[in-house]
Participant: 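Quick one: this structure, given as structure tokens, is what I'll be asking you about.
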Amino acid sequence: MVGKPHIPLEDIRAQVADCTRCPLHEGRTNVVFGEGNPQARVLIVGEAPGKNEDLQGRPFVGAAGKYLDELLAIAGLERKDVFIANVLKCRPPGNRDPRPEEIQACTPFLREQTRTISPEYIVTLGNFSTKFILKTDTGITRLHGKPTKAGNFTVFPIFHPAAALYDRSKRVALEEDFATLGRLLGNEQPAAVD
Ligand code: SF4
């Protein structure tokens with residue numbers, strides 16, 4: 001059976017740019033579609049844009065983005081190697097949690113992005129993306145660092161990098177999990193620093 005054709009990323013981007021499917025469009029400065037390598041082996045899925053992301057229209061900028069860059073380096077990756085997207089494309093006011101109806105309205109875009117990019121690995125950052133992608137109620141604390149096969153993809157949940165900005169104890173787990181990701185990808189590990 002022939003599957004549904006993949007929609008080019010630029011066509012999905014154009015649909016998202018005008019989207020008014022949920023009330024979050026009213027407060028946004030910019031839609032944050034996502035960015036990176038359209039043929040990436042690794043799709044990274046965060047939660048939703050924050051203040052800086054909304055202002056710049058780019059995912060993971062500011063302190064959490066800088067830390068994500070450091071974590072990617074642990075896995076032997078740079079931003080240009082991966083594609084980074086979020087469950088929601090518009091910022092929830094005050095960075096509140098995404099609501100179920102917003103997730104339902106927005107995630108068809110993420111599904112299409114995933115089909116088009118067709119990554120080997122989906123790295124879910126934090127609870128919301130992990131619960132959505134794995135269709136589970138189990139929290140990130142139990143799931144992080146464990147690869148799980150889901151259809152054509154291997155899903156690899158990791159804490160959200162922003163969590164480590166407020167709770168330094170999460171840094172160890174984050175850095176270990178990104179090192180594991182690098183091994184799964186077959187990337188050389190950087191030499192240990194004494
Ligand atoms: Fe559309 Fe998603 Fe933005 Fe809601 S969050 S307006 S569904 S792009």
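Only heavy atoms go into these numbers, but all of them, side chains included; no hydrogens, no water, no symmetry mates. Atoms within a ligand are numbered from 1 in the order they appear, just like the ligands themselves.
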Participant: To check your reading of the model: name the closest protein heavy atom to atom 2 (Fe) of ligand 1, its residue, and the distance in Å.
Facilitator: Cys106 SG, 2.3 Å
Participant: Starting from atom 1 (Fe) of ligand 1, find the nearest protein heavy-atom neighbour and note its residue, name and distance.
Facilitator: Cys19 SG, 2.2 Å
Participant: Between Lys51 and Asp54, is there a side-chain N and carboxylate O pair less than 4.0 Å apart?
Facilitator: no
Participant: Please state whether the separation between atom 3 (Fe) of ligand 1 and some N/O/S atom of His25 is under 2.8 Å?
Facilitator: no
Participant: How does Glu102 reach ligand 1, by side chain, by backbone, by both or by neither, if only non-hydrogen atoms under 4.0 Å count?
Facilitator: neither
Participant: Could you tell me the residue and atom name of the protein heavy atom closest to atom 3 (Fe) of ligand 1, and the distance to it rounded to 0.1 Å?
Facilitator: Cys90 SG, 2.3 Å
Participant: Tell me if a side-chain donor or acceptor on Asn37 pairs with a main-chain N or O of Phe83 at a distance below 3.5 Å.
Facilitator: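 No, because the side chain of Asn37 does not come within donor-acceptor range (under 3.5 Å) of the backbone of Phe83.
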Participant: Looking at Arg21 and Cys106, would you say the former's side chain and the latter's main chain have a donor-acceptor pair under 3.5 Å?
Facilitator: no
Participant: Check whether any side-chain N or O of Glu102 sits under 3.5 Å from a backbone N or O of Arg99 as a donor-acceptor pair, and report yes or no.
Facilitator: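 Looks like yes, one N/O pair under 3.5 Å.
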Participant: Regarding Thr130 and Thr124, is there a side-chain donor-to-acceptor distance under 3.5 Å anywhere?
Facilitator: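 Thr124 and Thr130 do have a side-chain donor-acceptor pair below 3.5 Å.
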Participant: Is Cys22 close enough to atom 4 (Fe) of ligand 1 to have an N, O or S atom under 2.8 Å?
Facilitator: yes
Participant: Suppose I only count heavy atoms of Arg28 and a 4.0 Å limit; which atoms of ligand 1 are within that range?
Facilitator: 3 (Fe), 6 (S)
Participant: Say whether, by atom type as modelled, one donor and one acceptor occur between the side chain of Glu120 and the main chain of Asn152 under 3.5 angstrom.
Facilitator: no
